[in-house]
Student: 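Below is the structure I would like to discuss, written out as structure tokens.
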Amino acid sequence: MPAQTAPRGTLDFPGTAPLPEPLPEENVHVEQRLLGIRELSNQAIGSIDDLLQHTV
């Protein structure tokens, strides 16, 4: 078997159904969660920035 060949059982077979699109409610939940993560990240970056300024 050539090295470029995918391992057995990992190939996509023709005729398999694609994954369904997420529901709009799921998109809203995901977007809200990502905005929350962004806010936490910004707060953490601000705290780290403050610490660095006080230690310099």
Side-chain angles (χ1 to χ4, degrees):
M1 189 181 313
Q4 292 82 11
T5 305
R8 291 180 185 221
T10 60
L11 298 176
D12 291 330
F13 294 100
T16 56
L19 293 174
E21 289 292 320
L23 298 173
E25 303 86 42
E26 293 173 344
N27 286 338
V28 170
H29 176 72
V30 168
E31 186 173 345
Q32 289 174 345
R33 182 73 178 124
L34 290 174
L35 289 173
I37 292 169
R38 180 189 290 170
E39 180 61 30
L40 286 174
S41 176
N42 287 339
Q43 289 174 7
I45 290 169
S47 296
I48 293 168
D49 223 23
D50 289 344
L51 285 172
L52 289 174
Q53 287 179 6
H54 292 309
T55 57
V56 171

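Positions are given from 1, in the same order as the sequence printed here. Nothing here was measured: the structure is a model prediction, and the numbers come from that model.
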Student: Who pairs with Glu39 by side-chain hydrogen bond (donor to acceptor under 3.5 Å, both in side chains), at least two apart in sequence or on another chain?
Tutor: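 Gln43.
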Student: With side chains defined as the heavy atoms from C-beta onward, is the minimum distance between Arg38 and Asn42 less than 4.5 Å?
Tutor: yes
Student: Just to verify, what does Arg33 make a side chain to side chain contact (heavy atoms under 4.5 Å, CB included) with, not counting sequence neighbours?
Tutor: Ile37
